[in-house]
Amino acid sequence: MPKSFITPCRSALKTALIVAGMLSMSLACADPLKVCSDPDNMPFSKSEGSDKGLYIELAEMVGKRLGTSVEYVWWLSHNQRRAVRNTMDSCDAYFALPATADYKVRGAEKTHAFLDVGYAIVGPASFKLDALEDLKGKRVGVLHGSPPHVLLSSETGYEPRNYRTQEDIFAALAAGEVELAILWGPSAGFENQTTMNNRWKITPVAGQGLNGQIAVAVSKNKPELKEKINQALTDLQPEIKKLQHKYGFPQAVPVMLDAKASWLHTSNQVAGGAAPAGKAKVVVNPEQAKLSHAKADFTDLGPYMRKVADSEIENAKSNFNSRCSHCHGQNGASPQQERDLRKLKIRYADKWQEVAHTTITKGRPDLGMPTWGGTISEDDIQRIIQFLSTIQK
Ligand code: HEC
């Protein structure tokens with residue numbers, strides 16, 4: 001008997017033998033998915049308790065999609081890179097790691113990025129942040145040696161105050177010792193939600209070292225697994241959003257603090273892994289301002305298009321930005337040539353909509369573009385193409 005018949009779905013097997021016959025069952029009953037994760041890293045993962053964290057709940061959902069159960073190998077990740085190196089031998093997938101190209105793990109490849117994370121400003125509800133300057137002259141609590149500490153100390157006019165732990169910083173905030181704090185967004189959001197009744201306003205920020213993306217590392221010994229997990233992560237995007245909400249992750253669009261490296265830029269590099277980190281120069285997003293006023297060009301309707309209202313285009317745009325922007329940039333304006341969706345018309349002339357439709361529906365899996373047919377409805381795909389027509393150069 002093949003190994004896959006033994007565990008983990010013995011009881012299901014019985015029924016299935018009767019109902020569907022053995023062949024189909026051998027497809028559904030795979031070996032368990034062995035997932036490595038940190039046993040004590042909330043809100044990401046935890047080995048005990050009822051709320052297991054975003055990674056673990058996600059791993060369970062991925063397992064389900066793959067038709068297999070999940071087994072955990074718990075590994076403290078104080079020294080993450082080393083932990084992963086040692087660990088990848090004993091697991092199929094590691095939930096989860098920085099998606100940056102320079103963050104390589106021996107014995108593993110990475111899926112595409114599925115989660116944005118970063119630092120966040122914690123302050124009173126009345127505080128509004130538009131730019132770094134808004135922190136000038138304010139007492140700002142930072143973790144000693146953290147990127148926000150480095151950033152504030154390297155510029156003049158700022159008053160970072162150092163603390164050792166997030167707990168100390170929250171206490172300093174409550175005592176009025178500091179007016180604001182810059183903390184790791186997910187853990188500050190989680191703490192604020194679970195123990196402080198959302199007393200503080202949390203505003204995510206972006207910039208060099210301040211934000212990035214997360215991917216799953218997949219063992220090289222299981223080459224077929226990477227694409228399957230990729231597809232599952234794509235399909236599970238709405239669920240991932242819900243988990244972020246459940247665990248208090250800040251979800252607003254981050255405010256750019258460090259103009260040396262834009263959010264747009266960072267997110268494309270890390271998702272794609274193609275561009276070397278920190279190379280290209282950044283323009284802080286003139287496209288965005290332009291786009292908010294952009295109207296659909298109805299003279300440009302191809303065979304795949306139907307006329308849609310401006311409000312539908314707005315919806316399509318936010319759909320695009322929630323599903324596609326981590327690879328294609330906010331509003332499709334990726335600095336990476338082959339991902340810049342503003343150039344479809346230049347590239348394919350009057351065939352561009354057809355190419356876009358085929359590419360979105362069927363994907364280019366070997367090149368890193370997921371398949372969306374089945375995940376996004378035909379109508380919504382057409383609306384996204386309508387939105388894309390508003391950004392063509
Ligand atoms: C995981 C990353 C990723 C996500 C998410 C993603 N794409 Fe892509 N997409 C790519 C890559 C990489 C390419 C370029 C493939 C190549 O080199 O041919 C691409 C190519 C495309 C192209 C063709 C570009 C061209 O010039 O040939 C279109 C259109 C497109 N994507 C639309 C979308 C839309 C719409 C979404 C969201 C529903 C989306 N993509 C989500 C990675 C992604």
Side-chain angles (χ1 to χ4, degrees), residues 62 96-101 109-116 212-218 226-241 264-275 291 296 300 302-305 308 312-393:
V62 168
L97 295 168
T100 31
E109 287 187 68
K110 275 180 282 182
T111 63
H112 62 69
F114 66 91
L115 187 69
D116 295 316
Q213 294 185 304
I214 301 291
V216 177
V218 183
K226 185 178 143 190
E227 269 327 298
K228 286 187 189 163
I229 296 182
N230 256 332
Q231 190 62 49
L233 292 172
T234 301
D235 296 343
L236 287 166
Q237 257 167 28
E239 266 66 37
I240 295 172
K241 284 251 140 73
L264 247 186
H265 195 100
T266 319
S267 65
N268 277 294
Q269 275 179 352
V270 295
L291 265 168
D300 191 29
Y304 292 97
M305 318 300 285
V308 291
E312 280 192 85
I313 296 211
E314 276 304 306
N315 288 340
K317 177 166 139 187
S318 59
N319 195 13
F320 178 90
N321 281 331
S322 74
R323 292 174 185 268
C324 324
S325 65
H326 58 278
C327 295
H328 288 289
Q330 193 75 9
N331 299 325
S334 171
Q336 232 172 294
Q337 277 297 328
E338 72 278 13
R339 296 186 175 200
D340 186 346
L341 297 183
R342 296 169 299 183
K343 296 192 179 149
L344 289 168
K345 203 168 167 185
I346 294 175
R347 246 175 241 140
Y348 305 109
D350 54 358
K351 287 260 184 313
W352 80 263
Q353 291 155 330
E354 203 177 325
V355 173
H357 188 266
T358 311
T359 309
I360 298 168
T361 314
K362 305 216 165 100
R364 292 181 196 157
D366 42 334
L367 294 169
M369 165 69 184
T371 303
W372 296 94
T375 303
I376 305 182
S377 72
E378 174 60 29
D379 268 8
D380 283 342
I381 290 178
Q382 292 193 9
R383 286 191 196 105
I384 288 177
I385 296 176
Q386 275 282 291
F387 157 66
L388 292 176
S389 76
T390 67
I391 63 167
Q392 295 312 303
K393 286 190 165 167

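In each ligand, atom 1 is the first atom listed, and ligand 1 is the first ligand listed.
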For a side chain to side chain contact (heavy atoms under 4.5 Å, CB included) check, start with the C-alpha distance between His328 and Phe320, then their side-chain angles and the critical distance, and finish with the verdict. CA-CA 9 Å; His328 288 289; Phe320 178 90; 3.8 Å; yes
Using modelled atom types and a 3.5 Å cut-off, is there a donor and acceptor pairing between side-chain atoms of Asn321 and backbone atoms of Asn331? yes
Please check this pair: side chain of Gln353 against backbone of Ile385, looking for a donor-acceptor N/O pair closer than 3.5 Å. no
Pull out every atom of ligand 1 sitting under 4.0 Å from any heavy atom of Leu341, numbered as shown with elements. 22 (C), 24 (C), 28 (C), 29 (C), 30 (C), 32 (C)
Tell me whether Lys343 reaches ligand 1 (any heavy atom closer than 4.0 angstrom to a ligand atom). no
Who are the salt bridge (Lys or Arg N to Asp or Glu O under 4.0 Å) partners of Asp380, not counting sequence neighbours? Arg383
Could you check which of Met369, Arg323, Arg342 puts a non-hydrogen atom nearest to atom 32 (C) of ligand 1? Met369
Mind checking whether Arg347 has an N or O less than 3.5 Å away from an N or O of ligand 1? yes
Got a donor-acceptor contact below 3.5 angstrom from the His112 side chain to the Asn230 backbone? yes
With respect to atom 12 (C) of ligand 1, which of His357, Gln353, Arg339, Arg364 exhibits the smallest heavy-atom separation? Arg339
So for ligand 1, is His326 a polar contact partner (N or O within less than 3.5 Å, distance only)? no
Kindly confirm whether atom 8 (Fe) of ligand 1 is within less than 2.8 Å of some N/O/S atom in Cys327? no
Residue from Ile381, Asp235, Leu236 passing side-chain contact (heavy atoms from CB on, under 4.5 Å) with Thr375: Asp235
Would you say Glu378 and Gln382 are linked by a side-chain donor-acceptor pair, where the criterion is simply a distance under 3.5 Å? yes
Does any N or O in the side chain of Gln392 come within less than 3.5 Å of the main-chain N or O of Lys345, such that one atom is a donor and the other an acceptor? yes
What atoms in ligand 1 come closer than 4.0 Å to a heavy atom of Ile376? 38 (C)
Under 4.0 Å from a heavy atom of Leu344: give me the atoms of ligand 1 that qualify, with their elements. 24 (C), 25 (C), 26 (O)
Option set Trp372, Tyr348, Phe387, criterion heavy-atom distance to atom 27 (O) of ligand 1, minimum: Tyr348
Nearest to atom 19 (C) of ligand 1 by heavy atom, Gln336, Glu338, Gln237, His328: which? His328
May I have the step-by-step check of side chain to side chain contact (heavy atoms under 4.5 Å, CB included) for Ser322 and Gln237, ending in yes or no? CA-CA 9 Å; Ser322 74; Gln237 257 167 28; over 6 Å; no
If the condition is salt bridge (Lys or Arg N to Asp or Glu O under 4.0 Å), which residues does Lys228 pass it with, not counting sequence neighbours? none
Could you see which bit of Ala113 sits under 4.0 Å from ligand 1, with heavy atoms only: side chain, backbone, both or neither? neither
Going by heavy-atom distance to atom 34 (C) of ligand 1, choose the closest among Cys324, Gly363, Gly332. Cys324
Can you tell me if an N/O/S atom from Thr359 lies under 2.8 Å from atom 8 (Fe) of ligand 1? no
For atom 29 (C) of ligand 1, which of the options Ala356, Ser322, Gly368 provides the nearest non-hydrogen atom? Ala356
Near Ile360 (heavy-atom distance under 4.0 Å), the atoms of ligand 1 are 32 (C), 35 (C)
Evaluate the side-chain proximity of Ile384 to Trp372: yes if any heavy-atom separation is below 4.5 Å, no if none is. no
Per-atom filter on ligand 1: closer than 4.0 angstrom to a heavy atom of Ile384 are 35 (C)
